[in-house]
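Structure first, commentary second.
Computed over heavy atoms, backbone and side chain alike; hydrogens, waters and symmetry mates excluded. Quick note on labels: first sequence line is chain A, next is B, and so on, each numbered from 1.
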4 protein chains.
Amino acid sequence: MATRESVPRSKRRATSPKAQGRRSELLAIAAELFATKGYTQTTVRDIGDAAGILSGSLYHHFDSKEAMLDEILRDFMGSLHAAFAEIVAGGESPRQVLEGLVRCSFGTIHERPHAVALYQNESALLAHLPDFTFVARTSQDITGLWLGVLAAGQESGDFRADLEPGVVYRFIRDSVWGAVGWYKPDGKLAHSTLADQYLTMLYGGLLRA
Amino acid sequence: MATRESVPRSKRRATSPKAQGRRSELLAIAAELFATKGYTQTTVRDIGDAAGILSGSLYHHFDSKEAMLDEILRDFMGSLHAAFAEIVAGGESPRQVLEGLVRCSFGTIHERPHAVALYQNESALLAHLPDFTFVARTSQDITGLWLGVLAAGQESGDFRADLEPGVVYRFIRDSVWGAVGWYKPDGKLAHSTLADQYLTMLYGGLLRA
Amino acid sequence: MATRESVPRSKRRATSPKAQGRRSELLAIAAELFATKGYTQTTVRDIGDAAGILSGSLYHHFDSKEAMLDEILRDFMGSLHAAFAEIVAGGESPRQVLEGLVRCSFGTIHERPHAVALYQNESALLAHLPDFTFVARTSQDITGLWLGVLAAGQESGDFRADLEPGVVYRFIRDSVWGAVGWYKPDGKLAHSTLADQYLTMLYGGLLRA
Amino acid sequence: MATRESVPRSKRRATSPKAQGRRSELLAIAAELFATKGYTQTTVRDIGDAAGILSGSLYHHFDSKEAMLDEILRDFMGSLHAAFAEIVAGGESPRQVLEGLVRCSFGTIHERPHAVALYQNESALLAHLPDFTFVARTSQDITGLWLGVLAAGQESGDFRADLEPGVVYRFIRDSVWGAVGWYKPDGKLAHSTLADQYLTMLYGGLLRA
DNA sequence: AATGAATGAGGATTCATTCAT
DNA sequence: CATGAATGAATCCTCATTCAT
């Protein structure tokens with residue numbers, strides 16, 4: 001069930017002190033392009049151009065274009081799962097934990113919009129690439145965390161019991177992550193304010209009491 | 001003397017009586033592939049193979065791969081907007097209209113899952129293709145319809161007034177359309193039942209009263 | 001040495017009374033397109049469009065696109081050679097015969113500009129197509145006719161003797177046929193007037209006497 | 001931070017020191033094939049084969065097959081116009097200038113036969129390609145130079161006045177450039193000797209004085 | 001005589017990747 | 001570390017041609 005299987009040694013390069021910095025820069029550039037234009041629509045030349053080097057030089061840092069995507073997603077899925085797990089482990093009430101998860105999600109959208117968009121938009125691709133099953137696996141782990149909270153909330157009487165947790169989870173997940181498609185990190189609508197509004201709707205519904 | 005004026009190539013597709021059937025078949029095949037594998041990941045050969053003809057033969061029916069996507073999306077966006085507009089024009093209460101829009105959305109997911117998925121997943125691509133501005137345009141028209149209903153509901157007192165309609169719309173839209181990613185048309189969860197649950201959450205919220 | 005070898009029977013269709021008219025129309029259309037856009041750049045669809053039928057229907061009249069070119073050129077080369085031969089056989093003085101040949105050339109440019117242009121412009125193509133050696137052969141026959149006249153003129157003392165007939169022939173041929181590239185059949189410069197000017201230059205030169 | 005502005009693709013071809021040599025080689029190969037087989041009949045694979053590389057590798061040097069033609073013709077038209085302009089600017093008598101232009105033309109046929117043939121034979125194609133209007137434009141500039149000399153010669157009394165300069169120019173141009181179709185650079189007929197004969201005919205005419 | 005769907009071969013172009021320098 | 005020339009496979013598309021209707 002674990003998500004952190006280690007990467008085959010041949011795939012990860014020797015991490016010289018400053019080389020890591022360059023790697024991160026390149027991955028950030030790639031992530032932005034992947035998110036903006038789509039992974040397939042982004043050429044290694046696009047990445048090279050944006051980084052100021054020739055496309056062939058990328059292969060000094062990464063084994064392949066796919067390896068870049070792998071690293072981006074592996075890092076993202078790992079931290080996301082870790083962050084969620086920490087919140088769940090906090091031992092607060094289901095209602096407070098759920099609020100924490102939602103706020104954490106919006107925080108992630110704010111801080112790492114490209115990785116989120118990648119995770120959201122490239123599902124068709126990821127499902128076809130054999131090396132990316134870890135994404136689905138971590139996804140399921142995360143789903144497990146959320147379902148646990150929802151079940152606990154129904155048990156404790158906090159959440160209404162006439163809804164299927166699976167449906168509720170997907171409802172929340174899709175609405176929250178969907179915000180990555182339109183949320184502007186530097187707009188006037190702060191991500192915490194957005195979280196407030198979403199939690200209000202989520203908890204109280206749309207109708208006037 | 002023969003008629004010599006040359007017909008513009010793009011207009012040549014005279015809708016002959018029976019040819020339409022074949023076109024529709026091919027478009028359905030293409031839509032499924034586009035939705036499943038992604039537009040860029042789908043080759044014209046994939047489409048030809050699935051249709052039992054050679055890839056080159058597709059060009060007897062369509063000008064290009066892009067033209068197929070265009071036709072699929074144009075048709076979809078058109079009917080969707082029309083269906084929504086009809087519901088809005090029904091003159092019912094905001095609450096009833098909103099319910100109608102949500103149920104219509106789930107019905108569309110059920111009946112035309114591939115087109116919905118396309119519309120959902122290929123946003124990065126569509127934003128970069130100059131010939132597909134109509135998608136964004138129709139999208140805005142649809143947004144206008146929903147915002148109108150939400151505003152009317154706030155005015156009438158049906159909907160709570162402490163939420164921004166723009167945020168509410170996106171919340172609903174993303175949660176509802178997101179279902180295309182996991183809803184199984186032939187599963188045990190009927191789309192109308194799904195709509196019920198979503199409306200319950202949407203209207204009443206997650207917390208026990 | 002003869003030029004009129006008969007066409008293989010399988011290649012020429014049964015000549016029903018009116019079918020010939022249609023054939024001629026189609027060939028005229030094809031010739032114009034071949035001359036204007038170039039043979040390779042002209043698609044059978046272009047021809048079909050211009051004729052008001054589908055490209056496939058052309059194959060009811062001709063075996064292939066190449067067969068159309070063959071028929072156009074064979075007819076043209078044949079009549080041209082015949083016309084030149086008749087002038088040469090007229091028994092007039094070399095100077096009069098040469099004048100006749102030049103006038104006949106301009107008349108041909110006027111009346112059959114497309115075939116002339118084809119003959120002029122598609123030399124690179126014709127040299128590579130094995131079925132079109134007849135063009136080069138007839139061309140040589142025609143060259144023979146002109147060289148004969150030039151030699152006779154030098155012998156008779158009409159033409160200056162310090163020029164190689166081969167060079168003179170090419171000089172005349174290129175300048176005269178080259179006119180097909182800019183002569184306008186319906187312009188104010190009549191082809192006979194043009195012939196006058198060319199003959200003046202040809203015979204008297206550019207310098208003031 | 002890397003430089004992120006992307007360089008326009010068409011401008012990427014930085015003229016690196018040694019890369020120019022390879023480009024020129026490839027262009028020379030392409031020009032010969034274009035001239036011999038025709039532009040359309042020449043495939044990029046033909047060019048690649050002749051150059052000893054794969055066809056796809058050509059795109060490392062040039063944007064497209066058309067770009068190769070563009071570069072060949074642009075360079076040719078430019079030098080031709082420059083050479084003619086320099087002769088005209090020399091300030092000699094019209095008769096001497098005209099002789100210079102003719103000799104320069106034969107020199108060009110001798111040294112750059114492929115480019116000349118291209119310019120001569122692909123008129124139908126060039127007229128249809130929107131990016132090649134510069135050929136027609138430079139052509140007109142060149143025509144202007146010749147017409148100026150012819151007019152000056154008529155004014156000075158060197159050239160006979162009963163001929164239209166426009167017709168005279170086309171007569172000379174077509175006869176001279178036409179030689180590219182049969183002149184053999186390594187044959188026994190030197191290009192300067194050929195120029196002699198042409199000038200003799202041009203100035204003195206065919207008839208014995 | 002003509003249609004329209006389909007073939008099959010080929011053509012230009014793209015692009016991830018390699019490697020000698 | 002980076003360059004730049006080259007690879008080789010794949011992609012979209014074109015087009016002459018065929019044939020059942």
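What separates NZ of B/Lys65 from C1' of F/dT11 is a distance of 8 Å, to the nearest Å. C/Ile47 places its CD1 atom 12 Å from the P atom of F/dC15, with the value rounded to the nearest Å. Rounded to an integer number of Å, the gap from D/Leu69 CG to E/dT13 P is 12 Å. A/Tyr39 places its OH atom 12 Å from the C1' atom of E/dC15, with the value rounded to the nearest Å. When the P atom of E/dA12 is taken as reference, atom CE of D/Met68 falls 12 Å away, rounded to whole Å. Straight-line distance from the CG atom of C/Asp63 to the C1' atom of F/dA16: 13 Å, rounded to whole Å. Between the CG atom of C/Asp49 and the P atom of E/dA2 there is a distance of 15 Å, given to the nearest Å. Rounded to whole Å, atom P of E/dA6 lies 9 Å from atom CG of B/Leu58.
In this structure, the side chain of B/Ser55 does not engage the main chain of B/Val44 through any donor-acceptor pair within 3.5 Å. At least one donor-acceptor pair closer than 3.5 Å links the side chain of A/Asp46 to the backbone N or O of A/Thr43.
Two residues, B/Val44 and C/Glu66, neighbour DNA chain F, and the one matched to the more 5' nucleotide by heavy-atom proximity is B/Val44. When each of D/Gly56 and B/Thr43 is assigned the nucleotide of DNA chain F with its nearest heavy atom, D/Gly56 is the one assigned upstream, toward the 5' end.
A cation-pi contact, defined as under 6.0 Å to the ring centre and within 45° of the axis, links C/Arg74 to C/Phe134. Seen from the ring of D/Tyr39, D/Lys65 counts as a face-on cation partner, given the 6.0 Å and 45° thresholds.
The side chain of C/Ser64 contributes no N or O atom lying less than 4.0 Å from OP1 or OP2 of F/dA16. Here C/His60 does not reach the OP1 or OP2 of F/dT18: none of its side-chain N or O atoms lies under 4.0 Å away. OP1 and OP2 of E/dT14 both lie 4.0 Å or more from every side-chain N or O belonging to D/Tyr59. Dashed line: the shortest gap from a side-chain N or O of A/Ser57 to OP1 or OP2 of F/dT3 is under 4.0 Å. Considering only side-chain N and O atoms, A/Arg45 lies nowhere under 4.0 angstrom from the phosphate OP1 or OP2 of E/dT17. Between F/dG4 and D/Arg22, no contact under 4.0 Å exists linking OP1 or OP2 to a side-chain N or O.
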Please evaluate residues A/Leu126 and A/Leu73 with respect to the criterion side-chain contact (heavy atoms from CB on, under 4.5 Å), reporting the C-alpha separation (whole Å), side-chain torsions for both, the decisive distance (0.1 Å), and the verdict. CA-CA 10 Å; A/Leu126 265 26; A/Leu73 283 176; 3.9 Å; yes
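Looking at heavy-atom distances under 4.0 Å, D/Leu54 makes contact with a base.
The side chain of D/Ser55 sits closest to E/dT13 out of E/dA5, F/dC15, E/dT13.
Base-pair partner of E/dT13: F/dA10 (Watson-Crick or G-U wobble, both distances under 3.5 Å). The pairing partner recorded for E/dG8 is F/dC15, the criterion being a Watson-Crick or G-U wobble arrangement whose two distances lie under 3.5 angstrom.
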